[in-house]
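This report refers to the structure that appears directly beneath it.
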Amino acid sequence: MTTDQSNATEPPVPATAEPARPGSSGPTEPSDPEGRAGSPTPDGGAPAAGAARADHAEDSNTTGKSAKDGKSASDDGGATDEGRAKDDAKGKSGENAKDGKNTKDTGETGNGKGDRTEVSPTDSTSADQPTDKWAAFGPAPEPVVGRIRRFFWRIGRGLVHEWTLASLASLVLAVLMTWPTLRYPLHTIPQDALDPTLQAWQLAWSGHILLTDPAQLWHSNTFYPEQWSFAFSDTLLGYAPAGMIGDGPVAAVLRYNILFVLAHALATFGAYALVRQLGAGRIGAAVAGVAYTYAPWLLAQAGHLHIISNGGIPLALAMLARGHGYSLRHGYRPERRHAGWAFAGWLVAAWQITLGFGIGVTFAYVLALIVLIAPVAWYIRRTWGRGAWRPFGWKLFLSDLAGGAIFAATGALLAIPYFKVADLHPGAERTLDQARAYAPPPTGFLTAPAESRIWGELHEQARAGLSWPPEMTLLPGFALYALALGGLFFSIWTVRQRLFLLAGVLATGILAMGPRFFGGTYTFNPLFEYLPGWNGVRTPGRLMLWTTLLLGILAAGAVTALAARARAVAAERVPPWPGPWLRLVTLLPLVLVLVEGLNVTPHPIVPTQPAAMRTVGGPILVLPSTQDIDQNVMLWSTSRFQKVVNGGSGFTPEKLDEIRKSTISFPDPASIEYLRTLGVRTVVLLRQHVTDTPWQSTIDQPVDHLGIQRENIGETVVYRL
């Protein structure tokens with residue numbers, strides 16, 4: 001005999017183990033996952049309980065009464081008030097004396113004949129039944145949360161969100177991994193005081209001119225009297241809003257150092273977001289983000305902010321993938337489409353292009369390749385593929401159309417000044433010979449630059465055999481190599497995806513070798529000669545950026561699989577031990593990649609601005625004029641942005657070369673007349689740089705007979721023509 005479930009302390013007998021009823025040919029079949037028993041019995045007839053449950057599922061208001069004892073049971077397995085009162089009066093505890101059957105938790109009661117009926121909880125209490133006094137002790141309704149509490153709750157939730165923590169971690173890591181950049185940010189600058197001072201001027205000029213005279217953006221104050229001089233190098237125009245804050249060389253150096261750190265943070269966050277969107281776990285994505293940002297080969301590029309500023313590439317790809325509902329692990333999921341994310345991805349891609357064509361050109365071609373392949377793949381799957389039809393949507397199509405148009409227009413407008421420069425200065429055009437001079441040999445992929453704290457000294461002999469080590473040392477990290485290799489055999493990615501990633505690694509690595517890979521006849525050279533803009537890739541080794549990203553994705557697959565395996569092993573143990581220790585082991589790949597990214601990058605003191613540069617007007621010529629000194633002069637001109645003849649870039653204009661040769665004997669009548677013809681009215685001679693130059697013996701000679709004025713201002717001599 002079994003007890004009624006409403007009053008029993010023992011667990012109910014499962015429906016799947018119900019004994020055979022009298023007259024049946026065997027036990028009933030197990031109920032379906034929704035709790036209904038609709039399967040026929042072995043003799044071909046449907047059980048009465050299945051019919052009653054099906055009726056109850058179709059109409060929740062159907063009621064039933066017990067034919068013998070007048071009792072009813074609620075849907076949750078408990079007896080009604082009336083039934084409990086009768087049971088208490090008779091001294092029963094849920095026992096059914098008639099048929100000896102269980103009362104099921106589906107609201108059924110026995111009638112003594114093996115049949116079952118259902119009782120609805122809505123009819124469990126008669127109209128004249130007194131109200132349950134114990135209901136007053138029920139739980140009080142939950143208090144209504146006010147707007148202020150909801151506001152702070154949302155803020156708190158946002159602070160602990162994954163993307164908030166990822167951005168904060170990327171920023172903190174950038175400060176630590178680039179240290180001591182922010183130790184003396186007003187006076188020192190990473191790598192050297194040459195290209196970084198040129199780029200600090202670029203940031204200052206773009207912000208200054210956009211506030212004062214935007215029409216003159218491309219006609220900068222340097223390289224006087226040249227036009228389109230702002231397009232002589234990559235412009236970092238996307239950082240112009242930062243250039244609007246502060247003025248003078250000190251502010252320019254501070255601005256550069258802050259953006260240098262932020263560029264590392266954005267690269268880490270962007271790569272993390274991309275790999276997470278592709279389907280990797282948090283630790284795997286962190287490994288990919290750190291490897292992409294702090295690969296040893298990038299330490300040699302610390303003096304090139306336009307190369308370090310690569311975070312917009314993976315971030316734009318992550319947004320585009322998110323907007324299109326695509327991930328590498330799960331494929332295309334239409335329900336996850338979001339036109340807004342796709343449009344934002346195109347905007348980020350357009351911003352990345354404004355930072356420079358050095359890496360922007362290849363990014364544009366990668367996007368173009370995706371735009372060509374993705375619709376074809378979608379159409380093939382829709383037309384001939386198996387499975388349900390997967391839509392694309394007009395909103396997403398229009399966002400792609402508008403975003404792609406903005407991206408293309410941005411690139412085209414920025415390219416116009418560079419085409420002008422190419423027409424005016426044939427020497428500015430890149431050649432295959434230049435690309436060959438910077439192209440790395442195969443050993444470069446195993447060689448670290450001198451700025452690497454771990455491998456710098458150990459690879460000194462290997463670097464000695466390279467003609468231009470800063471662009472030929474392309475080691476992405478031995479830990480990254482090992483993790484990517486492991487990802488080919490143990491990964492969350494499918495075998496096909498791993499093979500595609502491997503093919504991408506090999507293809508980008510071959511392109512990074514430029515003309516060094518069997519002469520580049522069938523690889524780099526055709527792209528350089530026939531693809532528009534590709535000839536701007538003067539240093540093929542910088543294509544290693546894509547190789548590093550693909551290696552990071554492969555490594556993320558292995559690390560994510562390792563983390564999943566660690567969780568599974570911990571869960572199989574009783575108790576689950578050593579779960580925390582296994583999870584710490586999964587952090588080891590991240591630590592190894594971080595260690596290989598440690599640097600010994602020098603941070604020299606920026607040359608102090610001569611006092612004369614804050615007072616004299618232009619156009620001026622600063623002597624001696626060389627590539628290195630002129631880059632400092634450009635930075636010094638940020639106080640007044642007066643016209644200066646000096647300038648440094650990837651090439652030397654013929655006019656500047658002519659001026660340097662014509663003024664080697666300054667001050668003399670011929671050079672003075674030549675400068676007056678150009679419109680130059682002031683010459684500043686730097687005392688600290690005249691050693692071993694023709695001016696060493698003439699800097700203190702009188703000039704009254706030449707019809708010019710001479711004045712000593714600090715460590716400079718100012719000649720007024």
Next item on the list: For Thr539 and Arg542, indicate whether the former's side chain and the latter's backbone hold a donor-acceptor pair under 3.5 Å.
Entry: no
Check: What about the rings of His306 and Phe357, do their centers lie closer together than 6.0 Å?
Finding: no
Note to self: Taking the side chain as everything from C-beta on, heavy atoms only, tell me whether Arg337 gets closer than 4.5 Å to Tyr332.
What the structure shows: yes
Note to self: Between Thr197 (side chain only) and Leu194 (backbone N and O only), is there a donor and an acceptor less than 3.5 Å apart?
What the structure shows: yes
Next item on the list: Would you please classify the geometry between the Trp201 ring and the Trp205 ring as parallel, tilted or perpendicular, with 30° and 60° separating the classes?
Entry: parallel
Next item on the list: Look at the rings of Phe478 and Trp455 and say which category their plane angle falls in: under 30° parallel, 30 to 60° tilted, over 60° perpendicular.
Entry: perpendicular
Notebook entry, point to check: Mind checking whether Thr235 and Tyr418 have side chains closer than 4.5 Å, heavy atoms only?
Noted result: yes
Notebook entry, point to check: Looking only at side chains, do His304 and Gln301 share a donor and an acceptor under 3.5 Å apart?
Noted result: yes
Next item on the list: Give the C-alpha distance, both sets of side-chain angles, the deciding distance and a yes or no for side chain to side chain contact (heavy atoms under 4.5 Å, CB included) between Gln497 and Thr494.
Entry: CA-CA 5 Å; Gln497 291 167 348; Thr494 65; 3.1 Å; yes
Checklist line | Candidate pair Phe232 and Phe651, rule ring-ring contact (aromatic ring centres under 6.0 Å, His included), full reasoning | finding: CA-CA 8 Å; Phe232 286 179; Phe651 76 101; 5.0 Å; yes
Notebook entry, point to check: At what distance, to the nearest 0.5 angstrom, does NE2 of His264 lie from CG of Leu298?
Noted result: 7.5 Å
Item checked: Derivation and outcome, side chain to side chain contact (heavy atoms under 4.5 Å, CB included), residues Ile373 and Leu369 -> CA-CA 6 Å; Ile373 294 177; Leu369 193 63; 3.9 Å; yes
Check: Does CH2 belonging to Trp179 count more than 12 external heavy atoms closer than 6.0 Å?
Finding: yes
Margin query: The test is side chain to side chain contact (heavy atoms under 4.5 Å, CB included); show your working for Ile155 and Phe151 and say whether it passes.
Written below: CA-CA 6 Å; Ile155 291 179; Phe151 173 75; 3.2 Å; yes
Next item on the list: Quick one: closest heavy-atom pair of Pro185 and Asn257, and the distance?
Entry: O-ND2, 2.7 Å
Item checked: Test applied, side chain to side chain contact (heavy atoms under 4.5 Å, CB included); reference residue, Asn310; option that passes from Ile359, Leu355, Thr548, Leu549 -> Ile359
Checklist line | Pairwise side-chain contact, Val505 with Trp546, heavy-atom cut-off 4.5 Å (strictly under) | finding: no
Next item on the list: Carefully, step by step, assess Phe419 and Trp228 under the rule side chain to side chain contact (heavy atoms under 4.5 Å, CB included).
Entry: CA-CA 10 Å; Phe419 285 125; Trp228 306 99; over 6 Å; no
Note to self: Contact between Tyr481 and Leu475 at the side-chain level, heavy atoms closer than 4.5 Å - yes or no?
What the structure shows: yes
Next item on the list: Identify, with sequence neighbours excluded, every residue that meets side chain to side chain donor-acceptor pair (under 3.5 Å) alongside Ser309.
Entry: Tyr239
Checklist line | Under the salt bridge (charged side-chain N to carboxylate O under 4.0 Å, His left out) test, residues paired with Glu429 that sit two or more places apart | finding: none
Checklist line | Minimum heavy-atom distance Val275-Ala285, with the two atoms named | finding: CG1-CA, 3.9 Å
Item checked: Test item: side-chain donor near acceptor, Ser220 and Ser229, under 3.5 Å -> yes
Check: Are any side-chain N or O atoms of Ser452 and backbone N or O atoms of Pro449, one a donor and one an acceptor, separated by less than 3.5 Å?
Finding: no
Next item on the list: Would you confirm whether the ring centroid of Phe517 sits within less than 6.0 angstrom of the ring centroid of Phe524?
Entry: no
Item checked: Pair Phe230 + Trp218: ring centers closer than 6.0 Å -> yes
Check: Within the distance-only criterion (no hydrogens, no angle test), does the side chain of Thr560 pair as donor or acceptor with the backbone N or O of Gly281 below 3.5 angstrom?
Finding: yes
Note to self: Using the salt bridge (charged side-chain N to carboxylate O under 4.0 Å, His left out) criterion, which residues pair with Glu451? Sequence neighbours excluded.
What the structure shows: none
Item checked: Point-to-point distance, once rounded to the nearest 0.5 Å, from CG of Leu236 to CG of Asp234 -> 7.0 Å
Checklist line | Pair listing, ring-ring contact (aromatic ring centres under 6.0 Å, His included) test, anchored in residues 483-503, at least two apart | finding: none
Notebook entry, point to check: Once you round to the nearest 0.5 Å, how far does CD1 of Ile510 lie from CG of Leu543?
Noted result: 12.0 Å
Item checked: Contact summary for Thr586 and Pro589, nearest pair of heavy atoms -> O-CD, 3.2 Å
Notebook entry, point to check: CG/Asn599 to OG1/Thr181 distance, rounded to the nearest 0.5 angstrom?
Noted result: 7.5 Å
Notebook entry, point to check: Can any side-chain N or O of His338 pair as donor or acceptor with the backbone N or O of Arg336 at less than 3.5 Å?
Noted result: no
Checklist line | Heavy-atom closest pair, residues Pro417 and Ala231 | finding: CB-CB, 3.8 Å
Notebook entry, point to check: Are the side chain of Arg255 and the backbone of Leu259 linked by a donor-acceptor contact shorter than 3.5 Å?
Noted result: no
Check: Thinking salt bridges, do Arg453 and Glu596 make one under a 4.0 Å N-O criterion?
Finding: no
Item checked: Partners meeting ring pair (Phe, Tyr, Trp, His ring centres under 6.0 Å) with Tyr326 (sequence neighbours left out) -> none
Check: Do Asp213 side-chain atoms and Ile209 backbone N/O form a donor-acceptor pair below 3.5 Å?
Finding: no
Check: With a 4.5 Å heavy-atom cut-off, do Asp247 and Thr638 have their side chains touching?
Finding: no
Item checked: Closest approach of Ala263 to Ile308 (non-hydrogen atoms, all atoms of both residues) -> CB-CG2, 4.0 Å
Check: Within a strict 4.5 Å, meaning less than it, do heavy atoms of the Val593 and Leu483 side chains meet?
Finding: yes
Note to self: Is it the case that the side chain of Arg329 and the backbone of Ile492 share a donor-acceptor pair, with hydrogens and angles ignored and the cut-off at 3.5 Å?
What the structure shows: no
Item checked: Gap between atom OG1 of Thr178 and atom CG of Leu299 - 0.5 Å precision -> 11.0 Å
Next item on the list: State whether the side chain of Gln191 and the backbone N or O of Gly303 hold a donor-acceptor pair below 3.5 Å, judged by distance alone.
Entry: no
Item checked: Min side-chain heavy-atom separation Val261-Leu182 under 4.5 Å -> yes
Margin query: Give me the atom names and distance for the closest heavy-atom approach of Val595 to Ile454.
Written below: O-CG1, 3.3 Å
Note to self: Test your reading of the model: is there a side-chain donor-acceptor pair from Gln631 to the backbone of Gly648, 3.5 Å cut-off?
What the structure shows: no
Checklist line | Summary of side chain to side chain donor-acceptor pair (under 3.5 Å) pairs that have at least one residue in residues 395-404, sequence neighbours excluded | finding: His324-Asp400, Trp346-Asp400
Item checked: Side chain to side chain, Tyr292 and Thr268, heavy atoms closer than 4.5 Å -> no
Check: CG/Leu511 to CZ/Phe528 distance, rounded to the nearest 0.5 angstrom?
Finding: 13.0 Å
Next item on the list: Taking atom types as modelled, find out whether Tyr256 and Gln202 have a side-chain donor-acceptor pair closer than 3.5 angstrom.
Entry: no
